[in-house]
**Student:** 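Sharing a structure here in structure tokens format.
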There are 2 protein chains.
Amino acid sequence: MKPKNVHGNTLDALGEAIIAGRYPPGATVPPEPTLCEEFGVSRTVVREAVKSLVAKGLVSTGPKVGTRVLPSDQWNWFDPDVVAWQSKVGLTREFLRDLQETRRVVEPAAVRMAAERATAQDVAEIEAAYEGMRRAVEEGGDYVTFDLRFHQGLLRASHNRMLVQMSKALSALLRTSFEISTSRKDGPRGSLPLHRAVLDAVAAHDPARAEKSILLLIDSARDDIEAVLGSRRRLPRLNMPATLLRV
Amino acid sequence: MKPKNVHGNTLDALGEAIIAGRYPPGATVPPEPTLCEEFGVSRTVVREAVKSLVAKGLVSTGPKVGTRVLPSDQWNWFDPDVVAWQSKVGLTREFLRDLQETRRVVEPAAVRMAAERATAQDVAEIEAAYEGMRRAVEEGGDYVTFDLRFHQGLLRASHNRMLVQMSKALSALLRTSFEISTSRKDGPRGSLPLHRAVLDAVAAHDPARAEKSILLLIDSARDDIEAVLGSRRRLPRLNMPATLLRV
DNA sequence: GCGGATTTGTTCGTATGTATT
DNA sequence: TAATACATACGAACAAATCCG
């Protein structure tokens with residue numbers, strides 16, 4: 001959208017470039033003066049951006065050795081920025097698979113906890129999100145946003161730090177999933193009752209029923225995703241060669 | 001132990017101070033010049049440390065508004081540094097509970113995947129860790145380190161980015177858990193067969209049996225932890241008042 | 001609504017240390 | 001061993017944004 005500030009832009013550009021594979025793991029990023037010239041910023045900005053990348057586990061630095069890109073399994077995949085960069089660069093099949101698996105592991109357990117511990121306010125927030133979804137279906141509107149809010153409300157209601165944290169990373173998958181689902185005929189309308197079932201079970205503090213309901217929802221989404229993955233249709237920017245990503 | 005560099009030390013000091021509650025969520029940390037004087041470092045170092053904290057989700061900055069501490073549910077709880085700071089400051093009951101719950105959700109699923117996808121090298125690494133545990137029991141030695149390696153090997157063998165990432169955060173819980181277990185009579189010797197069962201099931205590519213075995217292991221560890229939590233014995237630095245944490 | 005004060009944002013110049021060759 | 005390239009660290013200055021009276 002609009003440029004935030006120099007630091008943020010530089011950080012985003014560098015992060016995207018690394019995740020896009022322009023600087024593959026094991027390679028070194030160009031030295032600071034080169035980056036300064038490339039982005040047209042001062043060395044301080046570059047240094048702070050690099051420090052942020054270090055904090056996210058993407059690179060490590062050292063005198064003379066330069067700034068090395070770390071292997072991708074050391075990246076902090078629960079960092080919202082990292083996930084956002086990966087989403088922007090292109091969701092690979094492996095990344096979607098990992099996310100889908102994680103969701104299927106985490107979300108049922110979280111919903112179970114939510115059914116045990118949700119406060120009245122938690123339920124009210126989820127209810128509001130559901131209401132938004134319903135209105136979007138009937139009167140038209142932004143369905144995906146309310147769907148996201150619905151699931152994030154569920155994870156927040158688990159009142160478990162780690163699980164809440166994951167909701168941010170899972171958002172990338174959920175958004176993709178929802179956009180795929182909504183593109184299929186009657187997708188939103190068909191999934192409304194499934195959402196209603198989850199919400200009712202949580203509000204009734206029935207963990208077992210809540211878990212069963214969310215599994216139905218997840219698996220129906222998985223089928224949608226796999227239908228697209230299985231087809232020859234390419235994902236947005238999927239497997240795009242790194243050379244095409246240059247600015 | 002020994003100081004790494006100025007940046008790392010400043011970052012650690014600031015991160016620990018925030019997590020210790022010296023600067024509680026919603027409050028602002030002192031302005032840059034004050035921090036410079038307090039730590040005896042230049043403004044550049046302070047700025048890079050703060051940027052690292054921003055990258056980890058602990059604070060947000062803005063002109064005039066200063067550096068604000070964010071609510072703790074926005075912190076990146078899967079960041080190894082954040083977990084390390086929390087561990088050093090003191091493991092609260094809530095933190096241990098969240099970690100324990102997360103482990104019980106994640107590890108069985110990861111072991112199941114490991115049983116499906118583990119390569120020969122994965123199995124070899126886990127086997128080596130087990131061998132170290134066995135030797136530590138019989139000849140004496142560092143049991144906990146090999147125990148950690150055993151579980152990290154399991155998560156790595158799942159070949160799922162997100163799950164591998166969690167192994168770093170879970171290490172804090174595992175270490176505490178192992179140290180509690182080993183402090184109980186015959187703890188290590190008794191858990192050896194449980195570990196063996198998991199390893200055998202993974203090597204035999206039997207997901208169902210692997211999942212059952214790891215659940216036995218987790219629940220026995222949970223009992224140990226709860227026995228300690230239930231007692232009046234205080235956890236290491238548990239609930240220590242923030243005022244005592246000043247340096 | 002306006003202006004001044006405070007704090008971060010950004011740049012430049014310079015010096016030091018360290019690992020590689 | 002010496003040279004080199006690069007990150008590390010410091011200091012000073014101005015710009016920009018925001019809050020408060």
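Letters go in sequence order (proteins before strands), and every chain restarts at 1.
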**Student:** Name the residue closer to the 5' end of DNA chain D, choosing between A:Pro33 and B:Gly40 according to the nucleotide with the nearest heavy atom.
**Tutor:**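 Final value for this comparison: A:Pro33.
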**Student:** Output all residues satisfying side-chain hydrogen bond (donor to acceptor under 3.5 Å, both in side chains) with A:Glu38, sequence neighbours left out; order by chain, then residue number.
**Tutor:**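 With sequence neighbours excluded, A:Glu38 shows a side-chain hydrogen bond (donor to acceptor under 3.5 Å, both in side chains) to A:Arg22, given in chain and number order.
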**Student:** Can you name the residues that form a side-chain hydrogen bond (donor to acceptor under 3.5 Å, both in side chains) with A:Arg149, not counting sequence neighbours?
**Tutor:**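 Result, side-chain hydrogen bond (donor to acceptor under 3.5 Å, both in side chains) vs A:Arg149: none returned.
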**Student:** With under 30° as parallel and over 60° as perpendicular, where do the rings of A:Phe78 and B:Phe78 fit, or are they tilted in between?
**Tutor:**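 Ring orientation of A:Phe78 relative to B:Phe78: parallel.
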**Student:** If the condition is side-chain hydrogen bond (donor to acceptor under 3.5 Å, both in side chains), which residues does A:Arg43 pass it with, not counting sequence neighbours?
**Tutor:**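 Per chain and number, A:Arg43 pairs via side-chain hydrogen bond (donor to acceptor under 3.5 Å, both in side chains) with no residue.
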**Student:** Could you check which residues of residues 44-54 of chain A get a heavy atom under 4.0 Å from DNA chain C? Sort them by number, please.
**Tutor:**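 When residues 44-54 of chain A is checked for heavy atoms under 4.0 Å from DNA chain C, the hits, listed by number, are A:Thr44, A:Val45.
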**Student:** Return the set of residues passing salt bridge (charged side-chain N to carboxylate O under 4.0 Å, His left out) with A:Glu138 (not counting sequence neighbours), or none when no residue passes.
**Tutor:**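 Applying salt bridge (charged side-chain N to carboxylate O under 4.0 Å, His left out) to A:Glu138 gives A:Arg134.
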**Student:** Please list, chain by chain and in numerical order, all residues satisfying salt bridge (charged side-chain N to carboxylate O under 4.0 Å, His left out) with B:Arg135, sequence neighbours excluded.
**Tutor:**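 B:Arg135: no salt bridge (charged side-chain N to carboxylate O under 4.0 Å, His left out) contacts found.
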**Student:** Using the salt bridge (charged side-chain N to carboxylate O under 4.0 Å, His left out) criterion, which residues pair with A:Asp79? Sequence neighbours excluded.
**Tutor:**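 Counting only residues at least two positions away or on another chain, A:Asp79 forms a salt bridge (charged side-chain N to carboxylate O under 4.0 Å, His left out) with A:Lys56.
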**Student:** Anything under 4.0 Å to a heavy atom of chain B counts; send over the first and last such nucleotide of DNA chain D, read 5' to 3'.
**Tutor:**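 Endpoints of the contacted stretch of DNA chain D: D:dA9 to D:dC19.
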**Student:** Could you work out, with salt bridge (charged side-chain N to carboxylate O under 4.0 Å, His left out) as the rule, every residue matching A:Asp122, not counting sequence neighbours?
**Tutor:**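 Checked A:Asp122 against salt bridge (charged side-chain N to carboxylate O under 4.0 Å, His left out); zero matches.
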**Student:** Just the rounded figure in Å: distance from C1' of C:dC12 to CD of A:Glu32.
**Tutor:**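 Rounded to the whole Å, the gap is 14 Å.
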**Student:** Give the B/S/- string for nucleotides 15-21 of chain C, one per nucleotide from 5' to 3', where a protein heavy atom under 4.0 Å of the base yields B, of only the sugar-phosphate yields S, and otherwise -.
**Tutor:** --B-BS-
**Student:** Ring pair (Phe, Tyr, Trp, His ring centres under 6.0 Å) with A:Trp85: which residues, sequence neighbours excluded?
**Tutor:**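 Once residues adjacent in sequence are excluded, A:Trp85 has no partner under the ring pair (Phe, Tyr, Trp, His ring centres under 6.0 Å) criterion.
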**Student:** Using side-chain hydrogen bond (donor to acceptor under 3.5 Å, both in side chains) as the criterion, list what pairs up with B:Arg68, not counting sequence neighbours.
**Tutor:**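 So B:Arg68 forms no side-chain hydrogen bond (donor to acceptor under 3.5 Å, both in side chains) with any residue.
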